[in-house]
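In what follows, a single structure is set out as structure tokens and then discussed.
The basis for the numbers below is simple: all heavy atoms, side chains too, and nothing from hydrogens, waters or symmetry mates. So you know, we letter chains A, B, ... as the sequences are listed, proteins then strands, and number each from 1.
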Number of protein chains: 2
Amino acid sequence: MSRQKILLVDDEPDILEMIGFNLEREGFEVFTAPNGRKGLELARAHTPDLILLDVMMPEMDGMETCRELRDDARLKNTIIAFLTARNEDYSQIAGFDAGADDYISKPIKPRVLISRVKALLRRGVPAASEMPKRDLSGIVIDKERYVVYKEGVELSLPKKEFELLALLASQPGRVFTRENILSNVWGNDVIVGDRTIDVHIRKLREKLGDDFFKTIKGVGYKFEP
Amino acid sequence: MSRQKILLVDDEPDILEMIGFNLEREGFEVFTAPNGRKGLELARAHTPDLILLDVMMPEMDGMETCRELRDDARLKNTIIAFLTARNEDYSQIAGFDAGADDYISKPIKPRVLISRVKALLRRGVPAASEMPKRDLSGIVIDKERYVVYKEGVELSLPKKEFELLALLASQPGRVFTRENILSNVWGNDVIVGDRTIDVHIRKLREKLGDDFFKTIKGVGYKFEP
DNA sequence: CGCAAGGTTAATTGATTATTAACGCCTGCA
DNA sequence: TGCAGGCGTTAATAATCAATTAACCTTGCG
């Protein structure tokens with residue numbers, strides 16, 4: 001197999017050099033671009049396996065670039081990871097449903113980055129996605145802050161509601177039985193009635209929209225973008 | 001809390017020892033059995049928290065064992081994970097609906113297995129699912145999502161219909177008697193009239209196409225791709 | 001033809017979930 | 001301390017949808 005190609009897009013030359021150097025040392029073929037437009041060009045020219053995209057860039061930012069990348073059939077399946085400054089306001093990101101596969105916070109130690117990159121390439125899916133959980137639906141769940149963004153609008157849900165949402169959304173599409181839900185959100189030894197779950201589901205539907213939560217009668221609930 | 005108990009059932013002594021050793025080193029209380037029958041005994045004796053079940057075994061295979069385990073009230077809630085050889089033909093896996101909670105492919109690195117096991121015990125829900133999706137001539141059955149795709153189009157069937165389909169499709173071509181069907185989909189102690197099955201079959205025919213369900217008069221029904 | 005086995009349809013029953021309101025229980029705060 | 005408000009829970013009721021049945025129809029075959 002030929003070397004795997006990585007495209008690195010960031011407006012800071014230092015970052016490009018530093019990360020690029022480390023990736024190359026690991027045997028990857030690295031392309032770098034200082035802005036979205038150039039990045040797009042290179043992506044189309046080389047169809048990289050992975051694209052690391054800084055979110056904040058002049059001229060054409062990460063979000064915009066990502067969307068355009070996703071519009072290119074040949075890049076549909078390319079893994080795209082956003083590089084974000086730590087503590088960046090996720091509500092900025094939440095609004096855009098650009099289609100990234102993972103978020104990586106800067107600054108990041110080269111070794112850590114390398115292993116994230118390798119994991120992404122190996123699995124095709126974000127490993128332990130560091131940050132906001134995208135759900136291809138304008139809904140972002142930030143466990144760290146106990147906050148949910150719906151189309152960029154911040155909602156702060158009560159604990160149970162949040163945890164229920166987080167559980168369902170952890171595997172969109174998967175049906176969780178009431179049993180599943182109880183043992184995960186409430187714990188194995190707590191006894192609460194079945195209706196309790198319904199009520200919380202209802203509150204979530206109220207706040208996030210009915211369509212996201214599907215009832216499978218006699219089976220359970222699932223979250224669908 | 002006392003140590004969590006894990007029952008490991010596999011006919012290969014090497015595997016038993018290897019996995020068993022690793023699980024014990026992690027602090028679990030491990031029981032091992034070389035076949036389904038022994039496994040069942042041990043399960044009843046110790047009510048483990050998790051059962052790892054090899055699918056292919058002489059004497060009493062994983063599927064069969066699983067079904068029997070599920071029939072035992074005290075083991076109703078025990079987590080059962082199947083160990084399957086990679087690339088095993090899932091169409092062979094009638095245990096599709098035998099009631100397994102997760103599928104784990106062998107060979108698997110001990111470290112990976114351990115983390116899967118821990119996740120299962122912690123969450124009671126499989127993390128990244130290797131649950132088989134049955135694909136037969138344009139019909140895909142996804143038990144995890146409780147959804148069926150017909151030529152890519154998503155259909156969500158009611159519980160009984162879904163289970164009936166899953167049963168028939170678990171062994172395409174094989175005839176299931178009405179008795180078979182009743183005991184698998186409805187359970188041994190439920191009494192329903194004869195026409196009930198017909199009606200469900202009819203609904204399936206309506207939704208998936210007449211041709212898939214063949215009636216063998218005086219015998220039963222079968223599913224044919 | 002007449003029976004046996006299934007097929008069809010629509011109505012009925014039954015189970016499960018949705019909804020709403022109410023009740024404690026905390027927490028924060030004057 | 002006592003009040004206000006948010007949260008989690010439950011109970012009661014309504015609404016929804018699946019499951020079942022009953023009644024009748026069709027088909028194949030002796």
Pairs touching residues 51-75 of chain B that satisfy ring pair (Phe, Tyr, Trp, His ring centres under 6.0 Å), sequence neighbours left out: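 For residues 51-75 of chain B, and leaving out neighbouring residues, there are no ring pair (Phe, Tyr, Trp, His ring centres under 6.0 Å) pairs at all.
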Go through the structure and list residues passing salt bridge (charged side-chain N to carboxylate O under 4.0 Å, His left out) with [X], not counting sequence neighbours.
{"X": "Glu151(B)", "value": "none"}
{"X": "Lys159(B)", "value": "none"}
{"X": "Asp198(A)", "value": "Arg178(A), Arg195(A)"}

Just call it for Phe213(A): base, sugar-phosphate, or nothing, with non-hydrogen atoms closer than 4.0 Å on any strand.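 Nothing, no nucleic acid heavy atom in range.
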Considering residues at least two apart in sequence or located in another chain, which fulfil the ring-ring contact (aromatic ring centres under 6.0 Å, His included) criterion with Phe176(B)?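 With sequence neighbours excluded, Phe176(B) shows a ring-ring contact (aromatic ring centres under 6.0 Å, His included) to no residue whatsoever.
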What residues, two or more places apart in sequence or in another chain, satisfy ring-ring contact (aromatic ring centres under 6.0 Å, His included) together with Phe31(B)?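 With neighbours one apart ignored, the set is His46(B).
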Is the closest side-chain heavy-atom distance between Arg174(A) and Lys222(A) below 4.5 Å?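 Answer no - side chains too far apart.
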Go through the structure and list residues passing side chain to side chain donor-acceptor pair (under 3.5 Å) with Thr177(A), not counting sequence neighbours.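 Result, side chain to side chain donor-acceptor pair (under 3.5 Å) vs Thr177(A): Asn180(A).
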Could you state the atom-to-atom distance from [atom1] of [X] to [atom2] of [N] in whole Å?
{"X": "Leu182(B)", "N": "dA19(D)", "atom1": "CG", "atom2": "C1'", "result": "13 Å"}
{"X": "Tyr221(A)", "N": "dC17(D)", "atom1": "OH", "atom2": "P", "result": "13 Å"}
{"X": "Asp198(B)", "N": "dC25(D)", "atom1": "CG", "atom2": "P", "result": "17 Å"}
{"X": "Ile216(B)", "N": "dG28(D)", "atom1": "CD1", "atom2": "P", "result": "15 Å"}
{"X": "Phe162(B)", "N": "dA19(D)", "atom1": "CZ", "atom2": "C1'", "result": "18 Å"}

With heavy atoms of chain A within less than 4.0 Å as the criterion, where does contact along DNA chain C begin and end?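 Both ends considered, the range comes out as dA15(C) to dT20(C).
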Once base and sugar-phosphate atoms are separated, protein heavy atoms under 4.0 Å mark nucleotides 8-16 of chain D, 5' to 3', with B, S and - as SBB-----B
